[in-house]
Amino acid sequence: MPVQPWFTDAKLGIFVHWGIYAVDGVQESWSFYDDIVPHDQYMSQLDRFTASRYDPREWAKLFARAGARYAVLTSRHHDGVALWDTAHGDLNVGRDLIAGYADALREQGLKVGLYYSHSDWNHPDYASTRKPGRPPELEDNRYSEVAAEDEDLAAWERFIAYRDGQIRELTSCYKPDLMWFDGEWDRSEEQWRIPELAALIRSQVPDVVFNARMLSEGDYATPEQGAPVVPPEGPWELCLTINDSWGHQHHDHKSVDQLIRYFTETIGGGGNLLLSVGPREDGTIPAEHAERLEGLGAWIARHAEAVYGTVRGLPAGHHYGPSTLSKDRRTLYLTLFDAPRAEIGVRGLLSSVRRVTVLGSGTELAHRVIGGLHEAPGVLWIQPPAAADLDPHATVLAVELDGELELYRGSGRF
């Protein structure tokens, strides 16, 4: 089945990593798994996690101003701490922090996503087996697996029942539009019972979207942190942090210029950007994160025509920068990150150009085609915009074509 159309049209989502790890600002889950923070110290954050200033409506309004069309909240990370008052397992924050989030997003017209880790490094029955084929000489982590001779398949069945119980709660109570899974590397598809898990979720939410970490049931590719040089085929999403950490920590933050580059390069390759923010333990989003979301959203608002309702643009080599294409394939949107010093060249256009304008100002730019031989077209040269027409972050040119986009991808005459 093709992925739900809303997903490919969304372009931007907000990834909210929020959990007890925000109290001390330590790395989420991995800090105890890798023995960076003692387990008791990590878990002591649970008693200090207050959510005292949590206002999901303010979150949703900020996400909408950022230009996002969906958000994904970490309902339960690898540490097993649930953000709702689950009846399955003993670890949760003692109140429901998801219902208000889901309601607030829907009030703003945003789709609701929930992150859930397949892994649970705190569950007493989790470290009861190991992934088939894992070399025995690999060191076992006590939180995730046991030696082959110590496997307890009955305990694993209890874990799967616990997992399924939590998933039933999430899907029946909140009806998520997207389930964003993680932690899949710890076990095989057969051990996770992926087809059965997918059937369980779809019995509650038939049109749910799954990321690739639902393995054979995934709807779209999920590159993480590293922007792909060659975009994946089909639907995909780049999940990216505003700084270098998923959860709340004090680090340098990516600038608005950098975020616009990541965003335009991602949508130009046909993907969505899922941009992570890390709220403080009290539920407030740091001002630095909010400022960058507002800056990205302001740029998107000025260039919405080149963002929403578009598909992936030109392959690499045709234009030195990202581009998108209108769904009718008759308007090409070229992104310029720097003030051009000379004419802007576009190679390989077989389509005739009606006109070129600066998106936002509407200023028309002169253009001409030079060169070409036989089947190889000449280069389209576009007059550079005047300084007054340049966007302070990235300028977009709308290239209107006489028909649908046609490209020459050959090597020319030898």
Side-chain angles (χ1 to χ4, degrees), residues 7 13-22 26-34 42 70-84 86 88-89 91-92 97-98 101 112-123 126-127 131 141 143-145 159-160 162-164 166-167 169-171 174 176-194 197-198 200-201 205 208-226 232 235-242 244-248 271-279:
F7 178 81
I14 304 299
F15 208 175
V16 186
H17 275 72
W18 193 33
I20 65 171
Y21 39 84
V26 297
Q27 189 180 19
E28 60 290 335
S29 303
W30 291 97
S31 51
F32 78 81
Y33 183 88
D34 291 332
Y42 181 93
Y70 65 107
V72 177
L73 173 64
T74 49
S75 69
R76 201 216 70 194
H77 209 267
H78 315 316
D79 60 12
V81 180
L83 292 190
W84 76 103
T86 177
H88 300 273
L91 277 182
N92 63 80
L97 299 176
I98 297 179
Y101 154 85
V112 174
L114 294 177
Y115 167 112
Y116 186 90
S117 174
H118 292 292
S119 307
D120 184 339
W121 297 330
N122 262 316
H123 195 281
Y126 183 70
K131 186 174 183 178
N141 188 296
Y143 297 112
S144 65
E145 60 188 2
F159 175 79
I160 291 296
Y162 147 81
R163 187 272 318 266
D164 288 351
Q166 287 199 330
I167 290 294
E169 289 177 332
L170 291 175
T171 54
Y174 313 115
D177 303 289
L178 185 153
M179 285 293 295
W180 209 104
F181 283 91
D182 198 8
E184 81 294 343
W185 64 83
D186 249 2
R187 300 287 188 268
S188 69
E189 175 153 344
E190 291 72 24
Q191 287 173 310
W192 292 131
R193 320 275 171 84
I194 291 294
L197 178 60
L200 167 62
I201 296 169
V205 195
V208 70
V209 175
F210 293 133
N211 71 330
R213 296 170 195 186
M214 268 292 275
L215 303 173
S216 65
E217 296 288 340
D219 293 305
Y220 66 89
T222 315
E224 179 175 335
Q225 291 286 58
W236 63 281
E237 170 195 76
L238 170 63
C239 55
L240 183 79
T241 53
I242 280 186
D244 284 333
S245 305
W246 296 105
H248 175 62
N272 291 351
L273 179 63
L274 183 62
L275 185 61
S276 180
V277 298

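This structure is a prediction, so every number in the text was calculated from the model and none was measured.
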Decide yes or no on side-chain hydrogen bond (donor to acceptor under 3.5 Å, both in side chains) for Tyr21 and Ser29, but give the supporting numbers first.
CA-CA 7 Å; Tyr21 39 84; Ser29 303; over 6 Å; no
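- In terms of the side-chain contact (heavy atoms from CB on, under 4.5 Å) criterion, residue partners of Asp34 (sequence neighbours excluded) are, by chain and number, Trp30, Ile36.
- Atoms CH2 and CG, from Trp236 and Asn211 in turn, are 14.5 Å apart once rounded to the nearest 0.5 Å.
- Under a 3.5 Å cut-off, the side chain of Asp177 and the backbone N or O of Val112 do form a donor-acceptor pair.
- Applying the side-chain contact (heavy atoms from CB on, under 4.5 Å) rule to Glu237 yields the partners Phe7, Tyr70, Trp180, Tyr220, Thr222, Asn272, Leu274; only residues at least two apart in sequence or on another chain are considered.
- Atom CZ of Phe15 is separated from atom CG of Leu238 by 11.5 Å, given to the nearest 0.5 angstrom.
- Tyr116 and Gln166 form a side-chain donor-acceptor contact under 3.5 Å, judged by distance and modelled atom types alone.
- Residues satisfying the side-chain contact (heavy atoms from CB on, under 4.5 Å) criterion with Gln191, sequence neighbours excluded, are Thr129, Lys131, Pro132, Trp156, Arg187, Ser188.
- One finds the NE2 atom of His118 at 10.5 Å from the CG atom of Asp186 (value rounded to the nearest 0.5 Å).
- Legend: residues meeting side-chain hydrogen bond (donor to acceptor under 3.5 Å, both in side chains) with His17, ordered by chain and number and at least two apart, are Ser276.
- A salt bridge between Asp120 and Arg76 is present, with a side-chain N of the basic residue lying under 4.0 Å from a carboxylate O of the acidic one.
- Contact record, Gln225 with Trp246: CG-CZ2, 3.8 Å, taken as the closest heavy-atom pair.
- Residues Gly183 and Ser119 share a closest heavy-atom pair of O-OG, 2.9 Å.
- In plain terms, the two heavy atoms of Asp219 and Val208 that are nearest each other are OD2-O, 4.0 Å.
- Taken from OG in Ser75 to CG in Leu114, the straight-line distance is 5.0 Å, to the nearest 0.5 Å.
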Please step through side-chain hydrogen bond (donor to acceptor under 3.5 Å, both in side chains) for the pair Glu184 and Trp192, ending with a clear verdict.
CA-CA 8 Å; Glu184 81 294 343; Trp192 292 131; over 6 Å; no
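- Partners of Tyr174 under the side-chain hydrogen bond (donor to acceptor under 3.5 Å, both in side chains) rule, at least two apart in sequence or in another chain, are Asp96.
- Using a 4.5 Å heavy-atom threshold, the side chains of Ile160 and Arg193 count as touching.
- Counting all heavy atoms, side chain and backbone alike, Leu73 lies closest to Ile98 at CD2-CG1, 4.3 Å.
- A distance of 9.0 Å separates CD1 of Ile201 from CG of Leu170, quoted to the nearest 0.5 Å.
- With sequence neighbours left out, the side-chain hydrogen bond (donor to acceptor under 3.5 Å, both in side chains) criterion links Ser144 to Tyr33.
- The side-chain hydrogen bond (donor to acceptor under 3.5 Å, both in side chains) test applied to Asp79 returns Tyr42, not counting sequence neighbours.
- In this structure, the separation between CG on Asn92 and CD1 on Ile20 is 11.0 Å, given to the nearest 0.5 Å.
- Between Tyr162 and His88, a ring centre-to-centre spacing not shorter than 6.0 Å is recorded.
- Contacts of Glu217 classified as salt bridge (charged side-chain N to carboxylate O under 4.0 Å, His left out), with partners at least two apart in sequence or in another chain: Arg202.
- Not counting sequence neighbours, the partners of Tyr143 by the ring pair (Phe, Tyr, Trp, His ring centres under 6.0 Å) test are Phe32, His39.
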Give the intermediate values and the outcome of side chain to side chain contact (heavy atoms under 4.5 Å, CB included) for residues Val72 and Ile14.
CA-CA 6 Å; Val72 177; Ile14 304 299; over 6 Å; no
In sequence, state the C-alpha distance, the side-chain angles, and the governing distance for Thr74 and Val16, and then conclude on side chain to side chain contact (heavy atoms under 4.5 Å, CB included).
CA-CA 6 Å; Thr74 49; Val16 186; 5.9 Å; no
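- Tested against Ser117, the residues Arg163, His78, His77, Arg213 include a single side-chain hydrogen bond (donor to acceptor under 3.5 Å, both in side chains) partner, His78.
- Closest non-hydrogen pair, Ala22 versus Pro279, comes out as CB-O, 3.6 Å.
- Annotation: side chain of Phe210 is not in contact with side chain of Leu178 (no heavy-atom distance under 4.5 Å).
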Evaluate Trp18 against Val277 for side chain to side chain contact (heavy atoms under 4.5 Å, CB included), listing each step before the verdict.
CA-CA 9 Å; Trp18 193 33; Val277 298; over 6 Å; no
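- For Glu189, the side-chain contact (heavy atoms from CB on, under 4.5 Å) criterion is met by Ile194, Pro195, Leu215, Ser216, not counting sequence neighbours.
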